[in-house]
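Quantities reported herein were computed from a predicted structural model and do not represent experimental measurements. Order of the sequence lines fixes the chain letters, A, B, ..., with proteins taken first and strands second; residue numbering starts at 1 for each chain.
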There are 2 protein chains.
Amino acid sequence: MSSSLAKSNSQTLNASVLSQLRSDIITCRLMPNERLRVEALRERYGMGTSPIREALMRLEAEGLVELEQNKGFRVSEVSQASLRDLMRTRIEIETIALRWSLENGGVEWEANLLGAFHRLSRQTKIDRVNSDAISGAWSREHADFHAALVAACGSPTMMAIRARLFEQADRYVALSIMSNGPLRDDVGEHKQLMRAALNREVEKAIELNRLHIMRTLDKVAASLAAGKAIGENHMTGRKRTP
Amino acid sequence: MSSSLAKSNSQTLNASVLSQLRSDIITCRLMPNERLRVEALRERYGMGTSPIREALMRLEAEGLVELEQNKGFRVSEVSQASLRDLMRTRIEIETIALRWSLENGGVEWEANLLGAFHRLSRQTKIDRVNSDAISGAWSREHADFHAALVAACGSPTMMAIRARLFEQADRYVALSIMSNGPLRDDVGEHKQLMRAALNREVEKAIELNRLHIMRTLDKVAASLAAGKAIGENHMTGRKRTP
DNA sequence: GGTCAATAGATTTTCGAAAATCTATTTGAT
DNA sequence: ATCAAATAGATTTTCGAAAATCTATTGACC
């Protein structure tokens, strides 16, 4: 029942539960709006209150968790409005990061991008066999590919912002997959995008990236509208007295 | 010696120490790179370890604090490189937010902007009398003015990013003021910027904003280069044994 | 029946001490 | 003298219980 990722014991419990919680939220093993009771999390992750609350505070700053004074934490709510806001902002941020990256990228960047694409396309094939069981691996390769695109942008600040928005978007994607199955086979899209990037066709790459995000938005928004029940009022109330 | 802001007791200690710490870091009452020992902070803010560590974790996500595993927290380091990265990113973000805000802003937005400018210009006058003693008040009005500019941008995500970057920049400004005194009298700059915004002269407002940030960057970068000693190696070592 | 205060249980928040880890210094061997 | 292991003190990290707060329900009163 508890999360799978066994962490190397060289980390502090704090760091360990932070990455586990983040992962559980992004993949919607912890559903949007779900209450995060300290006692329940203590049991789930097997540790005391301190590291858990510390991790939750950090995730609050990242926007994955919300805290109401004296009422505790819950997973951030999802909504059409914030999905659209998120994706709109993502497009702007990635546009800038991509432009900078194409201006600065050298041979190393090109090599890493090619590598990331290769891993992603392989992973896609594997997934087609295993259905959507281990799509966690795909998700990681997918994230890596998009990170590789902007890796040469030269701005740690911009990259950090981009990564955070990508994570938030990933949560919506996970939610969509849960109700409607895998989004679509977009190996082609990624390949096009990579080619434009490697050829330094800046405006084309930016436009492809924008379309890539917009297509995801449409798909996710649709399944969010359809599967309204999911994610709304999920374990919203307090534990019933026996 | 401890921070002045007396917090209303309706907040949790956690929320209280969070805002105090954030303020102390942004104003450089806690200097860049200064170690943040839990015991010292316990004394400074008068509470136990839990709320303090929770606040520190949150500030780490905001980029004001850095955590090294098993070695504790310290105020984030400052550097020419990260200053330039920060300002460059700020320009891009504020450009987008400003554009959206000028597209969407209604009468309410205009009124609030005028009000914010009025308070800022009044505050500037008061400050000229009291030297740089209570420049904290000016800093607040200044932040409010820039927030008012983009308040109609319609994107909570973009506004949150902008606010965070502004805070980070404010820390550099505070550092600069500490060594070189008040930056400059930029009432005129703010007035120009407001007028362009109210007249919906989008490109002009964006350019003025860019110049506003660039001028600040130049000034701050210069005093950072000059006063190298400040902020470097400040209480960097471990407490000496008696 | 409806409203409001009192109560009890659940939950969050906070504390202070214990455990784990790091760092500087001393000690001992080569 | 040099290096490495051992030690001691400082510091971080974690725990579990106590205090504070919230929420649902009961019961009194109109």
Side-chain angles (χ1 to χ4, degrees), chain A residues 2 6-21 30 33-61 64-76 233-242, chain B residues 2 6-21 30 33-61 64-76 233-242:
Chain A
S2 75
K7 289 290 157 186
S8 104
N9 55 3
S10 64
Q11 289 186 108
T12 57
L13 289 183
N14 178 14
S16 160
V17 72
L18 174 60
S19 59
Q20 285 185 80
L21 260 172
L30 294 169
N33 208 37
E34 181 172 346
R35 277 199 70 181
L36 297 169
R37 290 196 195 74
V38 174
E39 185 51 36
L41 297 179
R42 276 186 44 144
E43 226 173 272
R44 183 182 181 117
Y45 300 112
M47 61 188 68
T49 57
S50 305
I52 288 172
R53 276 186 61 94
E54 286 167 21
L56 288 170
M57 284 299 286
R58 201 182 186 298
L59 291 172
E60 205 220 345
L64 291 174
V65 154
E66 279 159 21
L67 168 62
E68 208 177 346
Q69 297 242 336
N70 289 323
K71 294 204 202 165
F73 297 90
R74 51 179 64 226
V75 180
S76 288
N233 296 334
H234 181 81
M235 293 193 69
T236 254
R238 139 208 198 87
K239 191 161 102 186
R240 289 211 305 136
T241 28
Chain B
S2 77
K7 289 290 156 186
S8 108
N9 55 3
S10 63
Q11 290 185 107
T12 57
L13 289 183
N14 178 15
S16 161
V17 72
L18 175 60
S19 59
Q20 285 186 78
L21 261 172
L30 294 169
N33 209 36
E34 181 172 345
R35 277 200 69 182
L36 297 170
R37 289 194 196 75
V38 174
E39 185 51 35
L41 297 180
R42 276 186 44 145
E43 228 174 271
R44 181 179 182 120
Y45 301 112
M47 61 187 68
T49 57
S50 305
I52 288 172
R53 277 185 60 95
E54 286 167 20
L56 287 170
M57 284 299 286
R58 202 182 185 299
L59 291 171
E60 205 219 347
L64 292 174
V65 154
E66 279 159 20
L67 167 63
E68 208 176 349
Q69 297 242 336
N70 289 324
K71 294 202 198 165
F73 298 90
R74 50 178 65 225
V75 180
S76 288
N233 296 335
H234 181 81
M235 292 192 69
T236 253
R238 140 206 197 87
K239 190 160 101 187
R240 289 211 306 139
T241 28

Identify the heavy atoms of [X] and [Y] that sit nearest to each other, and give their distance.
{"X": "B/Leu36", "Y": "B/Leu41", "answer": "CB-CD1, 3.9 Å"}
{"X": "A/Gln69", "Y": "B/Thr12", "answer": "OE1-N, 3.1 Å"}
{"X": "B/Val17", "Y": "B/Pro51", "answer": "CG1-O, 3.5 Å"}
{"X": "A/Ser76", "Y": "A/Val65", "answer": "OG-N, 3.2 Å"}

Send over the distance from [X] [atom1] to [N] [atom2], rounded to a whole Å.
{"X": "B/Glu66", "N": "D/dT12", "atom1": "CD", "atom2": "P", "value": "15 Å"}
{"X": "B/Arg58", "N": "C/dT13", "atom1": "CZ", "atom2": "P", "value": "13 Å"}
{"X": "B/Glu68", "N": "D/dT13", "atom1": "CD", "atom2": "C1'", "value": "15 Å"}
{"X": "A/Arg37", "N": "C/dA10", "atom1": "CZ", "atom2": "P", "value": "11 Å"}
{"X": "A/Leu41", "N": "C/dT13", "atom1": "CG", "atom2": "C1'", "value": "15 Å"}
{"X": "A/Asn70", "N": "C/dA10", "atom1": "CG", "atom2": "P", "value": "19 Å"}
{"X": "B/Glu39", "N": "C/dC22", "atom1": "CD", "atom2": "P", "value": "20 Å"}
{"X": "A/Gln69", "N": "D/dT21", "atom1": "CD", "atom2": "P", "value": "11 Å"}

Give a yes or no answer on whether the side chain of A/Glu60 reaches the backbone of B/Arg58 with a donor-acceptor pair at less than 3.5 Å. no

Is there a donor-acceptor pair under 3.5 Å between the side chain of B/Arg74 and the backbone N or O of B/Asn33? yes

Do the side-chain N and O atoms of B/Ser16 and B/Gln20 include a donor-acceptor pair separated by under 3.5 angstrom?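 Indeed, the side chains of B/Ser16 and B/Gln20 share at least one donor-acceptor pair under 3.5 Å.
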
Pull out every protein N or O sitting under 3.5 Å from an N or O of nucleotides 14-16 of chain C, one pair per line with the distance.
from	atom 1	to	atom 2	distance (Å)
C/dT14	OP1	B/Leu13	N	2.3
C/dT14	OP1	B/Asn14	N	3.4
C/dT14	OP2	B/Asn14	N	3.4
C/dC15	OP2	B/Gly48	N	2.6
C/dC15	N4	B/Ser50	OG	2.8

With the criterion being N/O to N/O and under 3.5 Å, what pairs connect the protein with nucleotides 6-8 of chain C, and how long is each?
none

Identify, with sequence neighbours excluded, every residue that meets side-chain contact (heavy atoms from CB on, under 4.5 Å) alongside A/Leu64. A/Arg22, A/Ile25, A/Ile26, A/Leu59, A/Glu62, A/Glu167, A/Arg171

For C/dT13, does OP1 or OP2 lie under 4.0 Å from any side-chain N or O of A/Lys71?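 False: A/Lys71 side-chain N/O out of range (4.0 Å or more) of C/dT13 OP1/OP2.
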
So, OP1 or OP2 of D/dT11: does either fall under 4.0 Å of a side-chain N or O from B/Arg35?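 No, B/Arg35 has no side-chain N/O under 4.0 Å of OP1/OP2 on D/dT11.
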
Stepwise side chain to side chain contact (heavy atoms under 4.5 Å, CB included) test for B/Leu21 and B/Tyr45: CA-CA 9 Å; B/Leu21 261 172; B/Tyr45 301 112; 3.6 Å; yes

